[in-house]
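Every chain is numbered from 1 and lettered A, B, ... according to where its sequence line falls, protein lines coming before strand lines.
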There are 4 protein chains.
Amino acid sequence: MGRPRDARADAAILDAALDLIAEHGVEALRVDDVAERAGVGKATIYRRYRSRDQLLIAAIAAQVGEIAIPNTGSTEADLLALMSDAVTVYGRPPAAQAMPALVAAMNRDPALARATREGFLASRRAALREVVARGIDRGDLRPDLDVELALDALGGPLFYRLLVTGGPIDMNLARGVVDLLLRGFARDKRRRRAAT
Amino acid sequence: MGRPRDARADAAILDAALDLIAEHGVEALRVDDVAERAGVGKATIYRRYRSRDQLLIAAIAAQVGEIAIPNTGSTEADLLALMSDAVTVYGRPPAAQAMPALVAAMNRDPALARATREGFLASRRAALREVVARGIDRGDLRPDLDVELALDALGGPLFYRLLVTGGPIDMNLARGVVDLLLRGFARDKRRRRAAT
Amino acid sequence: MGRPRDARADAAILDAALDLIAEHGVEALRVDDVAERAGVGKATIYRRYRSRDQLLIAAIAAQVGEIAIPNTGSTEADLLALMSDAVTVYGRPPAAQAMPALVAAMNRDPALARATREGFLASRRAALREVVARGIDRGDLRPDLDVELALDALGGPLFYRLLVTGGPIDMNLARGVVDLLLRGFARDKRRRRAAT
Amino acid sequence: MGRPRDARADAAILDAALDLIAEHGVEALRVDDVAERAGVGKATIYRRYRSRDQLLIAAIAAQVGEIAIPNTGSTEADLLALMSDAVTVYGRPPAAQAMPALVAAMNRDPALARATREGFLASRRAALREVVARGIDRGDLRPDLDVELALDALGGPLFYRLLVTGGPIDMNLARGVVDLLLRGFARDKRRRRAAT
DNA sequence: TAATAACCGAGACGGTACGTCTCGTCTTAGG
DNA sequence: CCTAAGACGAGACGTACCGTCTCGGTTATTA
């Protein structure tokens with residue numbers, strides 16, 4: 001029982017956090033600043049999030065949002081739509097800026113890792129999975145392909161550039177991985193000679 | 001001139017850092033702890049490394065080591081050798097454990113990002129680049145492929161799993177990406193109809 | 001009008017406060033703890049006491065209680081009775097333990113200071129004043145003595161020991177101050193040569 | 001070994017604390033404020049004082065200082081000199097303001113109580129003790145008097161007024177207690193009839 | 001009998017200070 | 001000039017406690 005949580009505080013906290021992240025970057029996010037900007041006591045934040053990191057991922061998750069599953073009839077077009085969206089989201093702040101810190105936080109805290117994956121990575125991954133499945137049904141992709149590998153082949157290069165190499169995250173990348181996937185996992189009557 | 005650096009201190013610092021990383025994880029690595037464990041003053045550490053993060057990457061780099069460029073005559077075998085080595089190194093601690101923190105640190109500090117990339121990512125990437133180039137020469141790969149994309153398609157899924165999805169880093173992954181690359185970037189007389 | 005205050009809550013609050021003071025000391029008295037121990041909401045406490053400090057002095061006052069004015073016919077006996085009672089009350093917990101905190105609280109809050117003085121110090125002081133007045137009437141004390149000074153000379157040493165020196169608060173003290181007062185303020189025909 | 005404590009920091013901290021106490025009172029002394037005003041990190045304060053309270057008493061002790069033992073040849077004059085000094089010190093800020101908080105802090109922490117008593121109460125008490133002893137030698141005071149009681153009879157009323165009653169702390173008080181002591185503990189051939 | 005008003009326990013709220021922690025620098029004495 | 005030891009300035013963290021407010025619900029008095 002007791003006084004219920006104030007939903008306005010929930011929103012104020014997330015808004016303040018996102019503003020501050022946008023202004024000064026992820027690393028510079030201070031709990032005290034969030035409290036002040038939100039017009040909220042620190043305890044009110046810590047009642048909702050166990051730590052600064054938890055607040056951080058909640059803020060990012062709120063920003064990334066959900067994704068609709070495209071269905072144009074063309075496997076290539078669907079994949080491109082999803083990759084194009086991913087390139088847009090992760091190609092610039094705040095998501096681009098937030099991911100490295102998030103990755104580190106996930107490593108520190110397995111519970112947070114699970115929450116992050118389920119929270120805002122899963123929906124995009126599920127969308128890709130659906131499109132790949134339809135590609136198989138449609139005959140565009142080999143029915144025996146390793147779906148997890150396919151998904152990682154699509155998303156991996158993007159995150160690799162984002163987190164590690166600093167390479168460009170743009171439509172060329174999106175087109176490149178889609179093209180690679182469609183060729184590499186194409187249905188193929190004449191089986192390629194295996195590496196004998 | 002004056003007294004030369006003590007080589008024993010160099011070793012003691014790295015050993016202590018690696019021990020502590022192994023025991024408590026990368027995030028819990030404190031400079032004071034390293035100093036105490038190594039029986040060394042903090043200044044002795046900071047004379048060698050500009051920051052905690054620099055010490056961290058040095059410790060990891062010491063663990064990862066260099067890589068030789070394989071040359072078996074088979075593009076597939078060469079790629080597989082490199083990927084197999086990568087799977088071994090990043091598939092288990094300490095590198096597996098260290099990468100997320102390193103990624104975050106790279107984001108914080110561009111100089112460190114450069115150092116990391118040049119320090120111990122570059123040699124693997126250069127090896128891959130060489131093997132891919134030979135694959136083109138040999139006619140196993142299309143001459144007009146986007147080399148950067150090819151490298152990211154090889155390394156990306158591995159790091160994606162390591163940093164983000166938590167997926168398995170094993171020989172299936174290595175074989176999968178190599179196979180995907182060889183098929184997807186295969187030299188092909190009958191050009192696939194582009195996405196018109 | 002409306003629902004009347006619950007008398008059980010009054011008692012539960014004071015009991016809980018006294019228990020907690022006895023267990024952990026005055027400084028460690030937390031309003032939340034009192035509320036929980038009393039099975040009462042915090043608002044119910046704050047409806048009765050303006051602040052933690054007010055609750056505190058109420059609890060102490062409830063413990064100290066009132067004092068009757070003795071009248072044995074002997075000034076010395078009457079003074080001794082009052083001092084003996086004071087020694088009993090302030091010589092041991094909870095009053096002994098509570099006074100220092102009370103003193104600090106009085107300093108913080110003048111209103112509380114007034115309340116404390118009028119609440120449970122005044123009755124003892126009034127009793128002493130009455131006995132001293134009778135002593136003057138009776139010819140045991142000089143009629144021109146400074147009554148306030150006399151009262152402070154009786155009570156001062158006790159509180160001094162209680163609050164500052166930590167000296168013993170016992171019957172020797174009671175007898176000592178009474179004796180000092182009777183001699184020092186005795187009616188005296190042959191006036192002592194003043195400090196010329 | 002290692003770097004020694006910086007004596008300038010010691011001074012800067014105490015100075016800052018005293019300034020702030022003078023400006024805003026004892027209760028309003030914040031550790032962060034002291035640190036900022038002193039140009040010092042908080043850790044540097046906490047390395048010297050276990051808590052805010054410890055810092056507080058150190059600051060007060062630094063202010064109260066030592067006292068010389070007067071020796072005019074007259075017991076009354078010597079006592080008056082000491083009491084007059086006490087009235088001056090405790091009659092106005094900062095000591096007047098600080099004592100209540102100090103008393104409460106002493107109650108919280110026995111070690112601090114000891115430190116306080118030995119630190120800046122002991123020297124005044126020792127001076128009084130010496131003067132009383134000379135008064136006995138000189139024949140002004142009874143040789144069998146309870147010295148502790150005599151000291152408490154001198155100091156008690158002052159602290160009682162300061163801490164409890166809020167009564168005036170002035171020369172009348174000083175003269176009153178000295179006079180009371182000299183009369184009440186006077187050497188007296190004709191013993192007063194005890195309260196038989 | 002219904003409405004009203006003040007009460008009740010529970011617990012969230014804004015605010016504020018605390019004491020801890022870690023970083024990277026600086027200062028000793030000594031080799 | 002290096003070394004070990006450890007103090008230093010800076011500044012964020014998470015906790016604790018205060019006194020207030022907001023729930024849903026209860027209990028008397030008033031209409």
Side-chain angles (χ1 to χ4, degrees), chain A residues 1-9 12 27-33 35-36 38-53, chain B residues 1-6 8-9 28-33 35-36 38-55, chain C residues 1-6 8-9 12 28-33 35-36 38-55, chain D residues 1-10 12 27-33 35-36 38-53:
Chain A
M1 201 188 307
R3 176 173 173 178
R5 296 271 171 90
D6 188 341
R8 285 180 324 227
E27 296 294 333
L29 185 70
R30 318 272 175 242
V31 177
D32 289 87
D33 294 351
E36 188 181 3
V40 139
K42 271 210 291 179
T44 300
I45 295 176
Y46 280 103
R47 208 172 286 118
R48 288 164 169 71
Y49 307 100
R50 205 195 304 284
S51 68
R52 193 204 82 123
D53 288 340
Chain B
M1 186 165 332
R3 176 172 171 179
R5 296 257 174 104
D6 187 342
R8 283 179 325 222
L29 185 70
R30 318 276 176 239
V31 178
D32 290 86
D33 295 350
E36 188 183 3
V40 138
K42 276 206 295 176
T44 302
I45 296 177
Y46 278 102
R47 207 170 287 114
R48 287 163 170 74
Y49 307 99
R50 200 195 305 284
S51 68
R52 189 204 87 122
D53 289 339
Q54 294 280 359
L55 165 59
Chain C
M1 106 194 36
R3 177 174 171 178
R5 297 264 171 94
D6 187 341
R8 285 176 326 218
L29 185 71
R30 318 277 175 235
V31 177
D32 289 87
D33 294 351
E36 188 183 2
V40 138
K42 276 209 293 178
T44 300
I45 296 177
Y46 279 102
R47 210 172 286 117
R48 289 164 169 72
Y49 307 99
R50 201 195 304 284
S51 69
R52 190 205 86 123
D53 289 340
Q54 293 280 0
L55 165 60
Chain D
M1 199 186 310
R3 176 173 174 178
R5 295 272 171 91
D6 188 340
R8 285 182 321 230
D10 290 62
E27 296 294 334
L29 185 71
R30 320 269 176 246
V31 177
D32 289 85
D33 295 350
E36 187 183 2
V40 140
K42 271 209 293 179
T44 300
I45 295 178
Y46 280 102
R47 208 173 286 116
R48 288 164 169 72
Y49 307 99
R50 204 196 306 283
S51 67
R52 192 205 84 124
D53 288 341

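Considering only the side chain of Arg48(C), dC8(E) comes nearest among dC8(F), dC8(E), dT3(F). Between dG24(E), dC13(E), dA17(E), one nucleotide has an atom nearer to the side chain of Arg30(D) than all others, and that is dA17(E). Distances from the side chain of Asp32(C) to the nucleotides dC23(E), dC13(F), dC18(F) place dC18(F) closest. When each of dT20(E), dC8(E), dC21(F) is scored by its nearest atom to the side-chain atoms of Tyr46(D), the top-ranked nucleotide is dT20(E).
Contact annotation: Thr44(D) side-chain N/O to dG9(F) OP1/OP2 distance is under 4.0 Å.
Residue Glu36(B) contributes atom CD, which lies 13 Å from atom P of dC23(E) at whole-angstrom precision. To the nearest angstrom, C1' of dG19(F) lies 13 Å from CD of Gln54(C). In this structure, Leu29(B) places its CG atom 17 Å from P of dC21(E), rounding to the nearest Å. Atoms CZ (Arg5(A)) and C1' (dA10(E)) sit 13 Å apart, rounded to a whole Å. Rounded to whole angstrom, the span from the CZ atom of Arg8(C) across to the C1' atom of dT26(F) amounts to 12 Å.
When the nearest nucleotides of DNA chain F are assigned to Arg47(B) and Lys42(B) by heavy-atom distance, the more 5′-ward of the two goes with Arg47(B). For Arg52(C) and Gly41(D), each mapped to the nucleotide of DNA chain F holding its nearest heavy atom, the one lying further toward the 5' end belongs to Gly41(D). Toward the 5′ end of DNA chain E lies the nearest nucleotide of Gly2(C), the other residue of the pair Gly2(C) and Ala7(A) mapping further downstream. Comparing Ala43(A) and Val31(D) against DNA chain E, the residue whose closest nucleotide sits nearer the 5' end is Ala43(A).
Atom OG1 of Thr44(A) and atom CG of Asp6(A) lie 8.5 Å apart (nearest 0.5 Å). With values rounded to the nearest 0.5 angstrom, Arg48(D) atom CZ is found 4.0 Å from Asp10(D) atom CG. In this structure, CG in Asp33(C) is found 10.5 Å from NZ in Lys42(C), a value given to the nearest 0.5 Å.
Using a 4.0 Å heavy-atom distance criterion, Ile45(B) is classed as making no nucleic acid contact. Note on Leu55(C): nothing from the nucleic acid sits closer than 4.0 angstrom, heavy atoms only.
Two residues are said to be in side-chain contact when any heavy atoms from C-beta on lie closer than 4.5 Å; Tyr46(A) and Val31(A) meet this criterion.
On a pure distance criterion of 3.5 Å, a polar donor-acceptor pair joins the side chain of Arg3(D) and the base of dC26(E).
Looking only at distances, no side-chain donor or acceptor of Arg47(D) sits under 3.5 Å from a matching main-chain atom of Arg5(D).
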